[in-house]
Structures are given as structure tokens and as C-alpha cells.
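Keep in mind it's a predicted model, so treat the numbers as computed, not measured. All residue numbers in this chain count up from 1 along the given sequence. Counting convention: from 1, in listed order, for ligands and their atoms alike.
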Amino acid sequence: MLVDNHNRKINYLRLAVTDRCNLRCNYCMPSEGIDFVKKDKLLTIDELLLLSEILVKQGIDKIRITGGEPFVRKDLMVLLRKLRLMKNLNDISVTTNATLIGPYIDELKTLGIKNINVSLDAINRKTFERITRRDQFDTVHNNLIRLITEGFNVRINFIVLEGQNQQDIVPILELMKHYNVSVRFLEEMPFNGGGKNFATIKWNYKEILEHISMAYPNFQKLESPSTSTSINYKIEGHKGTFGIIPSFSRTFCGSCNRLRITATGDVITCLYGKPKANLRDIVRGKNITEEVQSAILKAVGNRAKTGFEAQEEHAQTIFENSMTSIGG
Ligand code: SAM
Ligand code: SF4
């Protein structure tokens with residue numbers, strides 16, 4: 001079992017399989033001039049599998065596949081098929097923008113990979129295009145409805161962006177009223193490739209909740225697992241639930257059970273901190289298992305207590321990182 005230096009059990013790996021994406025969400029990356037890493041710097045499917053296997057032996061039992069956009073990687077299903085066979089890996093999930101998932105929905109269902117997070121920050125074509133800089137709303141909407149009706153456990157991630165989509169907060173709840181989905185509203189984080197000062201944000205979790213309570217004064221708070229990053233609620237008459245993720249306010253660090261590996265093999269123990277090791281050379285060298293395990297133990301044994309403490313590793317509040325390299 002992996003336990004960090006603050007006695008938090010680490011059993012959840014977020015594995016980024018690429019830094020590339022077919023959208024250009026303005027809160028995640030710039031419109032152009034992005035320095036995607038060279039292909040040979042990205043972990044191969046075999047390397048991703050080997051790392052997963054080693055980490056599962058160390059106590060990881062849940063892996064979320066993320067990116068960039070996981071489905072831009074043509075060999076993604078090869079990875080998922082093999083992960084599915086991995087002993088002691090109890091939960092495989094995917095975070096996606098749902099533009100390219102369509103052709104893979106049947107196989108995902110067959111494989112039993114049912115937990116899909118769909119990022120969707122708008123309920124109409126225009127707002128969607130303004131935020132993502134691509135005209136893909138219809139495809140995303142169709143795939144989303146298909147995933148829901150085919151019985152996947154779908155969670156929608158909606159980043160609340162001042163001046164861009166706050167008018168869609170209540171309508172998306174209304175739109176999803178008849179579906180068994182969880183709509184999670186996220187605070188924006190300072191990882192958009194740089195350029196914006198993030199000393200405070202307007203749409204913090206309190207603002208979001210207050211905004212929702214004006215339309216639905218009687219929602220009820222739900223019990224959530226202790227490691228959940230979202231605070232969850234139920235509106236009477238709605239089939240699904242909604243949640244708020246205080247990703248910028250960082251109220252959930254005390255129970256954080258996550259470890260991140262980027263598509264280039266960086267080990268990240270907190271979104272707000274710096275990478276603590278790189279596994280790419282190790283996984284391409286000798287004594288792989290031993291060295292990976294030791295790098296992971298060292299990173300996990302040296303974790304910041306909170307995101308605020310981790311942030312002190314940076315000299316400023318404008319981060320140069322984009323979420324597309326960290327994986328969210
Ligand atoms: N491309 C996939 C997607 O969008 O779902 C997976 C990768 S994306 C980087 C993972 C998650 O990070 C998404 O839910 C996205 O909304 C979120 N994200 C990206 N940039 C963010 C930011 N600046 N603040 C908060 N969340 C962000
Ligand atoms: Fe791509 Fe996801 Fe970032 Fe949007 S949030 S640009 S879909 S990686």
C-alpha cells in the first residue's frame with residue numbers, strides 16, 4: 001500500500017496518455033503556438049502499461065485515463081484492453097471531451113469501462129465554440145446522450161468561467177433533469193498555459209452554490225466518499241445529482257488519494273506543485289521495477305500537505321503549465 005508522509009493512502013492514479021488535443025479550450029491552452037512534446041518523449045502504450053502494472057503492485061487500484069484528449073491517441077483501446085485484464089485494478093475510468101469517443105462506445109461497454117467524465121462547459125453551439133475554439137458541440141452532445149442512454153456512469157465536468165458560461169449553470173441542470181448523470185461545477189484553476197493572474201477567482205464554490213440556490217432553493221446535500229473532491233447535492237425531481245469541486249479553493253487536500261503521471265512520465269503528487277520525478281528514462285532503462293518503485297516511494301513520502309503548500313514551490317501565481325500536460 002502507498003501511504004504518504006501525511007498518512008494519506010494513495011490508491012488512485014491519473015494517467016495522462018498524451019499532451020495533444022483536438023480542442024483548444026481557452027481555460028486550458030492557448031489558441032496557437034503550443035509546444036507539444038516530440039512523439040518520442042511520450043510514453044508508449046507498452047511503457048504506460050508497465051508503469052501501471054508496477055503501480056498497481058504498489059497499491060494503486062483505480063486508474064483514470066486522461067490527457068490532452070485520450071482519444072486522439074489511436075492506440076488508446078490497446079491500452080484499455082490490457083488494463084482491463086490487470087489483476088487488482090478495480091476501476092478504470094476515462095476523462096474525455098467526447099468529440100472522438102463515438103466509434104469506441106460499444107467496445108468500452110463490452111470491456112466494462114463504464115465511468116466516463118465528459119468535459120462540457122456550455123449548452124449551446126456558440127458558447128461551446130467560443131470556449132473550445134472549435135465547432136464540435138453537436139458531436140459532443142450526441143456522444144454524451146449516447147453514453148448516458150447506453151448506461152455508462154457519466155459525470156459532466158463544467159468549469160465555471162466568469163463572463164463566458166455562468167448563464168449556462170442553471171440551464172445545464174435543467175437540461176440534465178431527466179438523466180441519471182452528475183453535473184459537477186469546477187472552479188477554474190491557474191493552468192491555461194500562462195497569462196492570467198489567479199490571486200482570486202470570482203466563481204468560487206460558494207458563488208456557484210449561491211447562484212444555483214437562487215433557482216433551486218431546496219437542494220439537499222448528499223453523503224460523499226471521504227476521498228471525493230466534489231461536494232454533492234440532489235435537487236428534488238431531478239434524476240441525477242450535481243456537485244461542486246473547489247479545485248482552486250482546495251478544501252479537499254486532507255483526504256487526497258491521488259497521484260498523477262503525465263504523458264512524458266513526470267510524477268506529480270499535487271496539481272499545484274512541481275513534478276517530483278520522471279519515469280520515462282527509468283522505464284526505458286534497466287532495473288525498471290525496482291527504480292520505478294523507489295522513485296514513487298520517494299515522491300509519495302515527500303508530499304506537500306496542501307495545494308497551498310505545494311504552490312510555494314513556484315515563485316509566482318501565474319503558472320506556465322497547461323492542464324493538457326498535467327491531465328487535470
Ligand atoms: N481532454 C479531456 C477533457 O477535456 O476532458 C481530458 C484532459 S483535460 C486537461 C481534464 C480536465 O481538466 C477537464 O475536465 C478540463 O475541463 C479540466 N481543466 C483543464 N484546464 C482547467 C483549468 N484551467 N481549470 C480547471 N479545470 C481545467
Ligand atoms: Fe483539450 Fe481537455 Fe484541455 Fe479542452 S480541457 S483543451 S478538451 S485537454
A.B. asks: With heavy atoms of Gly68 as the reference, note each atom of ligand 1 found under 4.0 Å away.
C.D. replies: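 In order of numbering, the contacting atoms are 1 (N), 2 (C), 6 (C), 7 (C).
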A.B. asks: Side chains of Asn97 and Thr99: do they bring a donor and an acceptor to under 3.5 Å?
C.D. replies: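 Result is yes, a qualifying pair exists.
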A.B. asks: What's within reach of atom 3 (Fe) of ligand 2, meaning protein N/O/S atoms under 2.8 Å?
C.D. replies: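 Correct list: Cys28 SG.
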A.B. asks: Would you check whether Ala98 reaches within less than 4.0 Å of ligand 1, judged by its heavy atoms?
C.D. replies: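 Per 4.0 Å heavy-atom rule, Ala98 does not contact ligand 1.
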A.B. asks: Would you call Lys202 and Glu207 a salt bridge, taking side-chain N to carboxylate O under 4.0 Å as the test?
C.D. replies: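 Salt bridge flag = yes for Glu207 with Lys202.
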A.B. asks: Within the 4.0 Å heavy-atom shell around Ile159, which atoms of ligand 1 are there?
C.D. replies: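 Those qualifying, in numeric order: 16 (O), 25 (C), 26 (N), 27 (C).
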A.B. asks: Which of the numbered atoms in ligand 1 are under 4.0 angstrom from any heavy atom belonging to Glu188?
C.D. replies: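 Heavy-atom distances to Glu188 below 4.0 Å select 24 (N).
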A.B. asks: Does NZ or CZ of Arg250 lie under 6.0 Å from the centre of the six-membered ring of Phe248, at an angle within 45° of the ring axis?
C.D. replies: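 Yes, Arg250 and Phe248 form such a contact.
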A.B. asks: Short list, please: which atoms of ligand 1 are under 4.0 Å from a heavy atom of Glu69?
C.D. replies: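 Those qualifying, in numeric order: 1 (N), 2 (C).
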A.B. asks: Could you tell me whether Arg130 and Asp121 make a salt bridge, using a distance below 4.0 angstrom between a side-chain N and a carboxylate O?
C.D. replies: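 No.
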A.B. asks: Should the proximity of Asn117 to ligand 1, defined as any heavy atom under 4.0 Å, be assigned to the side chain, the backbone, both, or neither?
C.D. replies: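 For Asn117, no heavy atom sits under 4.0 Å from ligand 1.
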A.B. asks: So is Gly67 in contact with ligand 1, going by heavy-atom distances below 4.0 Å?
C.D. replies: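 Yes, Gly67 has heavy atoms under 4.0 Å from ligand 1.
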A.B. asks: Hey, which atoms in ligand 1 end up nearer than 4.0 Å to a heavy atom of Glu187?
C.D. replies: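 So the atoms of ligand 1 that pass are 25 (C).
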A.B. asks: Tell me, with the steps shown, if Thr251 and Ser249 meet side-chain hydrogen bond (donor to acceptor under 3.5 Å, both in side chains).
C.D. replies: CA-CA 6 Å; Thr251 55; Ser249 305; over 6 Å; no
A.B. asks: Only heavy atoms of Asn97, strictly under 4.0 Å: list the atoms of ligand 1 that pass.
C.D. replies: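 Ligand 1 atoms under the 4.0 Å threshold to Asn97: 2 (C), 3 (C), 5 (O).
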A.B. asks: Quick one: are Thr306 and His6 in side-chain contact, heavy atoms under 4.5 Å?
C.D. replies: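 Heavy-atom side-chain distance check fails, nothing below 4.5 Å.
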A.B. asks: For the backbone of Asp4 and the side chain of Arg303, can you confirm whether one donor and one acceptor N or O come within less than 3.5 Å of each other?
C.D. replies: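 Judged by distance alone, no pair lies under 3.5 Å.
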A.B. asks: Given side-chain hydrogen bond (donor to acceptor under 3.5 Å, both in side chains), test Arg155 with Asn117 step by step and report yes or no.
C.D. replies: CA-CA 5 Å; Arg155 298 191 300 193; Asn117 284 8; 3.1 Å; yes
A.B. asks: Does Met189 reach ligand 1 with a nitrogen or oxygen that is under 3.5 Å from one of the ligand's nitrogen or oxygen atoms?
C.D. replies: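 Right, the criterion is met.
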A.B. asks: Between side-chain atoms of residues 219-229 and protein atoms elsewhere (two or more places apart, or another chain), which donor-acceptor pairs fall under 3.5 Å?
C.D. replies:
residue, atom, partner, partner atom, Å
Ser224, OG, Asn232, ND2, 2.8
Ser228, OG, Ser230, N, 3.1
Ser228, OG, Ser230, O, 3.0
Ser228, OG, Ser230, OG, 3.3

A.B. asks: Is a side-chain donor-acceptor pair under 3.5 Å present for Glu69 with Thr18?
C.D. replies: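 Thr18 vs Glu69: no donor-acceptor pair found between side chains.
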A.B. asks: Please lay out, stage by stage, how Ile65 and Ile113 fare under the test side-chain contact (heavy atoms from CB on, under 4.5 Å).
C.D. replies: CA-CA 11 Å; Ile65 302 297; Ile113 297 176; over 6 Å; no
A.B. asks: Is the contact between Thr95 and ligand 1 made by the side chain, the backbone, both, or neither, using heavy atoms and a 4.0 Å cut-off?
C.D. replies: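 For Thr95, the contact with ligand 1 is made by both the backbone and the side chain.
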A.B. asks: If you measure every N or O of Tyr27 against every N or O of ligand 1, does any of those distances drop under 3.5 Å?
C.D. replies: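 The answer is yes, given that Tyr27 and ligand 1 share an N or O pair closer than 3.5 Å.
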A.B. asks: Can a salt bridge be assigned to the pair Lys82 and Glu53 using a cut-off of 4.0 Å between side-chain N and carboxylate O?
C.D. replies: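 The answer is no: the pair does not qualify as a salt bridge.
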A.B. asks: Kindly confirm or rule out an N or O of Asp121 lying under 3.5 angstrom from an N or O of ligand 1.
C.D. replies: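 So ligand 1 has no N or O lying under 3.5 Å from an N or O of Asp121.
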